[in-house]
Amino acid sequence: MEEIKNTTAPADSEQVQVRRQKLADLRAAGCDPFAITKFPQDAYSADLKAEYASLPNEADAGRTAALAGRMMSKRVMGKASFAHLRDDKGDIQLYVRRDELGEEAYAAFKKLDVGDIIGVRGEVFRTKTGELSLRVTELTLLAKSLRPLPEKFHGLTDTEMRYRQRYVDLIANPEVKDTFVKRSRILKEIRAYLDEKGFLEVDTPILTPFEIGASARPFITHHNTLNMDMVLRIETELYLKRLVVGGMDRVYEVGRIFRNEGMDPKHNPEFTTIELYQAFTDYHGMMDLVEELYKRLAEKICGSLVITYQGNQIDMGHWERLTMVEAVKKYSGVDYHDWKTDSDAIAAAKAHNVDLPEVPTRGSILAAFFDAFVEDKLIQPTFIYDYPVEISPLAKRKPNDPAFTERFEYFIDCTEYGNAFSELNDPIDQRHRFEYQEYLREAGDDEANMIDEDFLTALEYGMPPTSGMGIGMDRLTMLMTGQSTIQEVLFFPQMRPEKVVPKDSASKFMELGIAEEWVPVIQKAGYNQVADMKEVNPQKFHQDICGINKKYKLELTNPSVNDVAEWIQKIK
């Protein structure tokens, strides 16, 4: 993959000036490309390549086609030229001849820049070298690109810039677009699967009166008309359960969630979940649903039940099921059942260097052991179920062991991908759980739940036995597309404010006798302004820029040390 660096050309850079002048000339000639509103496109590159895959070399297809897209390359060779057009489905070569296009139109073509949006009409044929091409008979400039696309050097180092300018990333790196196409397909398959199972897709509020239903810090905003503070939702759970109370037995929502927390390769403050609820089933039914769904996704998206993720072979056809107690015993050797009191659990945690939670109980310490010893071992698909009640305020207690709940999470490649449980439908027990969460909040846990009185009222009308689950769409996409960071599967991930480094325009460097192609190399070496070069040792400067030329295989002709010394001497 190319990475994008320094794609934001200064307004007065020579290339931008040249392109703006070309646009001004076009407008003066009455040929403003931005006045065009449509183009009669009737074909795509990939479809033509598939349709004429068996067309012999140096043969015509007998087909005229109209394509539109971005010109990605151009080679002018006298009376005939070649270019490449990138449309929504791929690239195709254009063969442009003066005799076919006409002298005036060919002259206009020669003035086009890489990055311009064009529409072309012509005859489909295959060249003698075997490349399916379009022999252009008509060409229209549809939009002028006023900034140059990333060049070889510019496309190497700054991943952060790829995220900030995703539009350029998508132009420069077709595989990035493929990732997002797969994301859309994944979501389409999930919707199709749930719809086939009789689920109904619904929408619930994003703005809520207070944070409810999950352990997370919210984003707070203010509703001017109501004169009240509100929060962006941290889950969709409690509204969906209200719908189950209302008689909607199978519901799901694809929802944006907002949590005012940290950012790392697996977390973004704004993310997407698929949350679903089914009446008259329990968490074992949800486990079966997860297995069936993931097998379907693996085969539909990846083509196999065995997928490769970050160097590991993941078998989606086999899922292990362990209780949290069993998993902790398997990987740490510590048996929860040996702890008769909270003090026993505290002693075990200290003996095994496990950090104690805010409120150290047997259940919460068991969860701490899981975090310390188990999660990083779960490479193959694994359900961990029967979670302590202390960390599961909305899950139903196990009838035969009320210290635990009918809850599971499932893990793949040491990462949690979803959370589910048999929903708590006892309004009295639910109130006690909320009250305990408020106690934790008062004890300093600012991620603990608040009491939702309206939800308790809904439960008092009666909610059937129900199981629910949340699936992290972004992590699922990472898994199915082989991406290691969440930023690679979000079009526009949240970024810290960009630190603006002042840079001189290329023309100021060129006044010293420096060739324009060396300016980004010099700025890459840390000399962003001409003044930065004033006190530098010519030998060191020479080593710095020539080293970058070699490292990135830019194939520029190196200046001599004397050349560098002359540049520096010209700085006033």
Side-chain angles (χ1 to χ4, degrees), residues 1-25 73-76 110-116 144-165 168-169 171-172 495-572:
M1 178 190 299
E2 286 187 271
E3 292 184 342
I4 297 163
K5 177 69 176 176
N6 193 25
T7 60
T8 307
D12 63 345
S13 74
E14 183 174 336
Q15 291 187 64
V16 171
Q17 286 183 5
V18 168
R19 289 177 180 234
R20 286 181 178 272
Q21 185 58 52
K22 288 183 179 181
L23 176 61
D25 293 343
S73 70
K74 186 180 74 169
R75 288 183 293 130
V76 177
K110 291 167 66 176
K111 293 179 181 180
L112 295 181
D113 293 302
V114 170
D116 287 348
K144 182 66 185 169
S145 174
L146 299 181
R147 290 183 180 271
L149 294 181
E151 297 175 8
K152 184 175 181 181
F153 169 73
H154 295 152
L156 291 173
T157 58
D158 199 337
T159 301
E160 183 175 308
M161 188 62 71
R162 289 182 45 237
Y163 302 152
R164 291 189 188 280
Q165 296 187 349
V168 185
D169 188 26
I171 295 169
M495 305 291 290
R496 291 180 175 83
E498 186 174 9
K499 183 178 179 181
V500 179
V501 177
K503 293 184 178 182
D504 282 342
S505 65
S507 60
K508 289 190 176 182
F509 286 90
M510 293 166 67
E511 289 173 1
L512 306 177
I514 299 172
E516 184 177 12
E517 63 266 23
W518 275 98
V519 174
V521 180
I522 292 169
Q523 292 180 329
K524 171 64 179 173
Y527 307 98
N528 292 303
Q529 297 176 297
V530 168
D532 297 334
M533 301 166 50
K534 189 172 183 179
E535 304 297 335
V536 71
N537 180 282
Q539 185 72 38
K540 179 183 183 304
F541 187 93
H542 183 266
Q543 290 175 349
D544 288 345
I545 63 174
C546 293
I548 291 173
N549 186 28
K550 180 179 179 181
K551 178 178 180 180
Y552 294 111
K553 300 178 181 178
L554 304 179
E555 299 177 0
L556 301 177
T557 302
N558 287 331
S560 67
V561 176
N562 288 337
D563 291 333
V564 170
E566 288 179 6
W567 299 343
I568 295 172
Q569 287 174 3
K570 293 178 182 178
I571 300 174
K572 296 179 181 180

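Here, residue 1 is the first one in the sequence, and each next residue gets the next number. What you see below is based on every heavy atom in this structure, not just the backbone, and it leaves out hydrogens, waters and symmetry mates. Treat the numbers as computed from the prediction; the structure is a model and nothing was measured.
- Considering CE of M495 and CD of E160, their distance stands at 4.0 Å, rounded to 0.5 Å.
- With values rounded to the nearest 0.5 angstrom, Q543 atom CD is found 12.5 Å from I548 atom CD1.
- For residues 503-524, the set of pairs meeting the ring-ring contact (aromatic ring centres under 6.0 Å, His included) definition, not counting sequence neighbours, is empty.
- Of the inter-residue distances, the one linking N537 atom CG with I568 atom CD1 reads 7.5 Å to the nearest 0.5 angstrom.
- With sequence neighbours excluded, no residue forms a side-chain contact (heavy atoms from CB on, under 4.5 Å) with E511.
- The 12-atom threshold is exceeded at NZ of K22, counting heavy atoms of other residues, nucleotides or ligands nearer than 6.0 Å.
- Under the 4.5 Å side-chain criterion, counting only non-hydrogen atoms from C-beta, M533 is in contact with I571.
- Screening residues 537-551 for salt bridge (charged side-chain N to carboxylate O under 4.0 Å, His left out), with sequence neighbours left out, gives K540-D544.
- Every residue two or more places apart in sequence or in another chain that forms a side chain to side chain donor-acceptor pair (under 3.5 Å) with N558 is listed here: N549.
- Although no hydrogens or angles enter the test, the distance criterion places no donor-acceptor pair under 3.5 Å between the side chain of R147 and the main chain of V16.
- Counting heavy atoms from C-beta on, the side chains of P559 and I545 come closer than 4.5 Å.
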Next item on the list: Walk me through it: do D113 and K144 pass the test side chain to side chain contact (heavy atoms under 4.5 Å, CB included)?
Entry: CA-CA 8 Å; D113 293 302; K144 182 66 185 169; 2.6 Å; yes
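- In this pair, Y527 and F541 present their aromatic rings tilted. The plane angle is within the 30 to 60° band.
- For Q21, the side chain to side chain donor-acceptor pair (under 3.5 Å) test picks out D25, with sequence neighbours left out.
- Under the side-chain contact (heavy atoms from CB on, under 4.5 Å) criterion, E516 pairs with E14, Q15, A506, M510, sequence neighbours left out.
- Between the side chain of H542 and the main chain of V564, no donor-acceptor pair closer than 3.5 Å is present.
- Residues forming a side-chain contact (heavy atoms from CB on, under 4.5 Å) with K111 (at least two apart in sequence, or on another chain): none.
- Salt bridge annotation for E566-K570: absent, with no cationic side-chain nitrogen under 4.0 angstrom from a carboxylate oxygen.
- In this structure, CG in L23 is found 11.0 Å from OG in S145, a value given to the nearest 0.5 Å.
- For N528, the side chain to side chain donor-acceptor pair (under 3.5 Å) criterion is met by no residue, not counting sequence neighbours.
- Between I522 atom CD1 and D504 atom CG the span is 11.0 Å, to the nearest 0.5 Å.
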Next item on the list: Determine, stepwise, if the pair V521 / K524 fulfils side chain to side chain contact (heavy atoms under 4.5 Å, CB included).
Entry: CA-CA 5 Å; V521 180; K524 171 64 179 173; 5.5 Å; no
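- With sequence neighbours left out, K74 forms a salt bridge (Lys or Arg N to Asp or Glu O under 4.0 Å) with no residue at all.
- The side-chain contact (heavy atoms from CB on, under 4.5 Å) check on S73 picks up H84, with sequence neighbours excluded.
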